[in-house]
Amino acid sequence: MKSNMRSYANAVFPFLPLFCSCYQFFDEPFINQKKVAAYAKHFVGDGGTTKGVNENNTVTNMHELLNWQGIDRLTSPPHANYTYSVETSILAGVDMVMVPYNFTEFINDLTYLVKNNFIPTDRIDDAVERILSVKFTMGLFENPYTDFSLINEVGNQVAFVVLVSIQEHRNLAREAVRKSLVLLKNGKTDSNPLLPLPKKVSRILIAGSHADNLGYQCGGWTITWQGFSGNDATSGMFFLLMRFTRPLILHERTTILGAIKSAVDPGTEVIYVENPDSKYATSSGFDYAIVVVGEHTYAESAGDSPTLTMADPGPDVINYVCQSVKCVVIVIYI
């Protein structure tokens, strides 16, 4: 029995010291030099929840997909009978359980259930076999670490963190952005499009909370879990506490405002006012305006909303500028 449980623990956590010291930067699935062990849970489970609510039910004809603290939700309220949740999930065929906090409770309950014959040792062997088969297929025991000789092809090395900073990867990022843009309308008619805008004009108004805000531009899961607002968090130098403490330098950052300034003719005056009123927009003689607004940053449940609304004062900025400037382009971050 003791051997079986040790085999299970070793199968699940073969590189626990490495994982514990670097967990901020390496997440599942495991990646070795040439292979990735992918899974469908986040794509099917998180992406297909009812009404898009984080951690809501995913209605599907496949077996139920368990998510973050998933087995806790087998009871109502969650975690009301954790021993029952462990027994039910393991007997149902779950081989690896996501336990974000109190992993010792899971280990103790599973050990108790096996020792007292609620869960047969054959079921533990079954789980170990499947877990190990994936890791052997991945080659993790022969090559447990990534190939650090490839770091220079990705970016700059800072301890275990690499920065995507070389031109090839920036070009790929720009391509991803271009392909994710959705053009809702281009002018009043197809024969009279508004885009592309002329680069050489007298004055351009740039407005909106998202025009000069890298945090809003990047969204959630950037620097912090929920993201951030402003430009300071990605400028200059700051320190990460890892195995070593070394400076992490982020550079070549570009806001929408900065990109516009670099793209227009040198003789074109670009004026940025985050929240202009209609009087200002009318009296300043702008050839056209670009308004950049949208959602604030979020990740997971913080972004759940039953309504299609825009963060204030976005709607007012759009109304004021559209009433005052003849040619207006509206960019919405969602």
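For the single chain, residues carry numbers from 1 onward in sequence order. This structure is a prediction, so every number in the text was calculated from the model and none was measured. Computed over heavy atoms, backbone and side chain alike; hydrogens, waters and symmetry mates excluded.
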How many angstroms lie between atom [atom1] of [X] and atom [atom2] of [Y], to the nearest 0.5 angstrom?
X      : Y      : atom1 : atom2 : answer
Glu87  : Thr83  : CD    : OG1   : 9.0 Å
Ile90  : Asp109 : CD1   : CG    : 11.0 Å
Ser89  : Tyr82  : OG    : OH    : 7.5 Å
Leu113 : Ile119 : CG    : CD1   : 4.5 Å
Asn186 : Leu195 : CG    : CG    : 4.0 Å
Lys115 : Leu110 : NZ    : CG    : 11.0 Å

Counting C-beta onward and ignoring hydrogens, is there a side-chain heavy-atom pair between [X] and [Y] closer than 4.5 Å?
X      : Y      : result
Asp95  : Arg123 : yes
Tyr272 : Lys261 : no
Phe118 : Tyr112 : yes
Ile271 : Ile206 : no
Asp277 : Asp316 : no
Gln323 : Asn319 : yes
Glu295 : Ile332 : no
Leu91  : Pro120 : yes

Is [X] atom [atom1] crowded by more than 12 heavy atoms from other residues, nucleotides or ligands, each under 6.0 Å away?
X      : atom1 : result
Asp265 : CG    : yes
Glu105 : CD    : yes
Tyr320 : OH    : no
Leu181 : CG    : yes
Leu183 : CG    : yes

Restricting to non-hydrogen atoms, name the atom on [X] and the atom on [Y] that form the minimum distance, rounded to 0.1 Å.
X      : Y      : answer
Glu175 : Lys179 : OE2-NZ, 2.7 Å
Val293 : Gly208 : CG1-CA, 4.0 Å
Gly294 : Met310 : O-CG, 4.0 Å
Thr75  : Ala80  : OG1-N, 3.2 Å
Val317 : Ala207 : CG1-CB, 4.1 Å

Does one side chain, of [X] or [Y], offer a donor that lies under 3.5 Å from an acceptor on the other?
X      : Y      : value
Ser229 : Asn213 : yes
His296 : Gln226 : no
Thr255 : Asp212 : yes

request  = Applying side-chain contact (heavy atoms from CB on, under 4.5 Å), run through Ser262 and Thr254 and close with a yes or a no.
outcome  = CA-CA 10 Å; Ser262 65; Thr254 307; 5.8 Å; no
Do [X] and [Y] sit in one hydrophobic cluster, given that two such residues count as connected whenever their side-chain heavy atoms are within less than 4.5 Å of each other, even indirectly?
X      : Y      : answer
Val264 : Val292 : yes
Leu132 : Val97  : yes
Ile256 : Val328 : no
Met98  : Trp225 : no
Val291 : Val325 : yes

Main-chain N/O of [Y] paired with [X] side-chain donor or acceptor, under 3.5 Å:
X      : Y      : answer
Glu269 : Ile204 : no
Ser85  : Ile71  : yes
Thr297 : Gly220 : no
Tyr288 : Pro198 : yes
Ser278 : Ser324 : no
Thr111 : Ile107 : yes
Ser284 : Phe286 : no
Asn108 : Thr104 : yes
Thr268 : Lys199 : yes
Gln217 : Ala211 : no

query = Where do Lys188 and Asn192 land on the side-chain contact (heavy atoms from CB on, under 4.5 Å) test, with the steps shown first?
reply = CA-CA 7 Å; Lys188 293 183 178 180; Asn192 187 28; 5.7 Å; no
request  = Take the angle between the ring planes of Tyr333 and His210 and call it parallel below 30°, perpendicular above 60°, tilted in between.
outcome  = parallel
task = I would like to know whether Asp287 and Cys327 meet side-chain contact (heavy atoms from CB on, under 4.5 Å); could you show each step before the answer?
result = CA-CA 7 Å; Asp287 293 278; Cys327 178; over 6 Å; no
ask   = Quick one: which of Ile260, Leu257, Leu205 gives a side chain to side chain contact (heavy atoms under 4.5 Å, CB included) with Ile290?
value = Ile260
